[in-house]
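Each remark here refers to the structure printed beneath this line.
Read the numbers this way: they start at 1 and go in the same order the structure lists the ligands and their atoms.
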Amino acid sequence: MPIPLIFELNKPAVLSSHIPESDIPHDVPGLPDEYRRATLNIPNVAEPEVVRHFINLSTMNHHVDKGFYPLGSCTMKYNPKINETLCMLPGFAALHPHQPVSTIQGALELMLMLEEWLCEITGLPAVTLQPTAGSHGELTGMFLTRAYHAARNDERTKVLIPDSSHGTNPASIVMAGFEPVAIPSDERGRIDVDALREALSPDVAALMVTNPNTLGLFEDHIDEVSDAVHDAGALLYMDGANMNALLGLAKPGDMGFDIVHLNLHKTFSTPHGGGGPGSGPVAVSAELEKFLPVPRIKKVTPPCSAGGESKGGVILDWNWDCPESIGQVHSFFGNFGVLVRAAAYIRSLGGKGLKNVAEIAILNANYLRSGLIDVYKLPYDDLCMHEVVFSADNQCINGLKGLDVAKRLLDFGYHAPTIYFPLIVHEALMMEPTETETVETLDAFIAAMRQIDRETRENPELLRDAPQSTPVARLDEASAARNLDVCYIEEK
Ligand SMILES: *Cc1c(COP(=O)(O)O)cnc(C)c1O
């Protein structure tokens with residue numbers, strides 16, 4: 001049943017007596033007619049009706065608090081509500097970025113702590129919290145790469161990326177003024193090291209690698225890759241969007257990476273989808289630290305005679321004096337609320353808990369893999385990390401495509417997997433269950449995927465006409481993205 005607009009729930013008798021007459025003059029000189037209001041149009045609705053209205057609206061879209069959300073590459077895990085409560089504490093939420101530094105010592109301490117924890121997690125000695133998305137971290141990393149080579153008077157123009165890379169990778173490379181060059185994957189879905197060696201030259205500034213890669217596979221010869229890249233004088237960059245698979249198990253710094261960005265909104269628990277806010281901290285090796293964005297946080301050494309107390313209570317301060325820094329990459333100091341959530345998440349799980357996150361994420365992805373492998377084609381057939389990429393080739397019969405499988409899943413109450421990415425898998429279905437799902441949820445999802453496979457042969461129109469159970473049927477996706485007034489596809 002369609003949900004009415006709140007204005008349609010209007011019952012004048014409920015509240016009207018509580019709203020005082022407006023004392024703002026109605027006749028504002030020069031106001032265009034279309035902006036004039038004869039009456040104040042606020043719907044009169046009783047509190048329980050308001051609550052029900054918005055709760056009902058909130059269930060029209062799929063979200064991770066409503067049901068399973070196996071969208072690959074996005075780490076759509078359940079985000080503990082305690083993190084929301086903590087970042088909304090007035091001492092955090094009501095801070096103003098122009099406040100005197102003596103009044104934000106707690107915030108600086110939290111940021112410094114988070115920097116130290118992210119150093120520990122990545123195995124690298126320095127971190128900036130300033131970038132506000134994964135892609136923003138990539139761009140920052142590319143600026144750092146440019147600064148590193150420029151400081152050595154070694155102008156380099158190219159950045160290598162595997163052909164399985166996320167679309168933001170080439171975009172960031174181009175934005176930073178480099179030319180992206182694709183390296184093919186081998187038959188195991190890893191970087192083809194021979195092709196890499198051939199592509200390396202004095203022009204190459206860096207290799208940007210996602211590890212585990214977008215096929216959900218660990219780049220198991222990363223040491224060989226690292227040696228080859230460094231022998232050529234280039235830097236090794238890690239897109240750490242898939243860090244959920246490595247927490248507590250392996251450190252990018254130990255694998256030879258010089259620069260790593262993390263997606264706090266994926267791995268470290270901030271609700272995402274719908275465009276933000278996010279956070280993409282960048283960790284770097286000691287050699288690159290001096291190029292990090294300003295301001296950095298510095299510890300103010302109290303004068304010895306002052307008995308350990310520094311002037312005006314300032315123990316931590318902003319450091320703008322970094323002559324080789326690439327400058328600021330964002331206004332102020334990053335998306336602070338996301339940093340608080342990440343700190344709360346790391347603190348509440350601890351080292352053991354974080355390791356457990358990675359282990360269960362890997363276990364869950366392999367559970368899906370083994371539950372579907374006899375029915376859905378697995379082009380790169382190997383134990384996976386936190387996600388698994390099937391192909392819908394077997395289901396492309398009776399005029400059906402992977403898109404139809406994804407749409408049919410909505411009728412079972414699931415969000416669809418990521419489809420048609422990575423590009424090197426034909427009709428890709430990329431699934432990431434995350435560690436927060438139970439075995440019962442995974443079993444039910446596997447059963448739904450197997451039923452959809454049977455329907456491709458026995459009842460293909462169920463897929464062609466899907467979804468039927470959602471508030472709107474199949475949309476013209478381009479129009480739905482560009483016009484808020486979405487249109488239905490009535491017939492195919
Ligand atoms: C999500 C993702 C990105 C981009 O991160 P944003 O925060 O969306 O900008 C980059 N690489 C990979 C592998 C990703 O999954």
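Counting only heavy atoms of the protein, atom 6 (P) of ligand 1 lies nearest to G134 N, 3.5 Å. Of all protein heavy atoms, the one closest to atom 5 (O) of ligand 1 is N263 ND2, 2.9 Å.
Checking only distances, H261 never comes within under 3.5 Å of ligand 1, N or O to N or O. For ligand 1, the polar-atom distance check finds no N/O of T210 at less than 3.5 Å from any of the ligand's N/O atoms. Some N or O of D239 is nearer than 3.5 Å to an N or O of ligand 1, by distance alone. Remark: ligand 1 and S135 share an N or O pair separated by less than 3.5 Å (distance only, no angle test).
With a 6.0 Å radius and a threshold of 12 heavy atoms from other residues, nucleotides or ligands, M175 has its CE atom at or below the threshold.
Annotation for ligand 1: atoms under 4.0 Å from non-hydrogen atoms of K266 are 1 (C), 2 (C), 3 (C), 5 (O), 14 (C), 15 (O). Close contacts between ligand 1 and A133 involve ligand atoms 7 (O), 9 (O) [criterion: under 4.0 Å to a heavy atom].
Around atom 10 (C) of ligand 1, the closest heavy atom drawn from M208, H265, E138, H272 belongs to E138.
When heavy-atom distances to ligand 1 are checked against a 4.0 Å cut-off, A241 comes that close only through its side chain, counted from C-beta outward.
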**OP:** Using the ring-ring contact (aromatic ring centres under 6.0 Å, His included) rule, take F332 and H98 through it: C-alpha gap first, then chi angles, then the decisive distance, then the call.
**Re:** CA-CA 9 Å; F332 302 115; H98 280 312; 5.1 Å; yes
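Residue F390 is tested with V375, L372, V425, V405 for a side-chain contact (heavy atoms from CB on, under 4.5 Å); the sole match is L372.
Using modelled atom types, one side-chain atom of N211 and one backbone atom of E219 make a donor-acceptor pair closer than 3.5 Å. Looking at E432, its side chain does come within 3.5 Å of a backbone N or O of S73 through a donor-acceptor pair. A distance-only check finds no donor-acceptor pair linking the side chain of H166 to the backbone of P422 [under 3.5 Å].
Residues F445 and Y414 place their aromatic rings such that the two centres sit under 6.0 Å apart.
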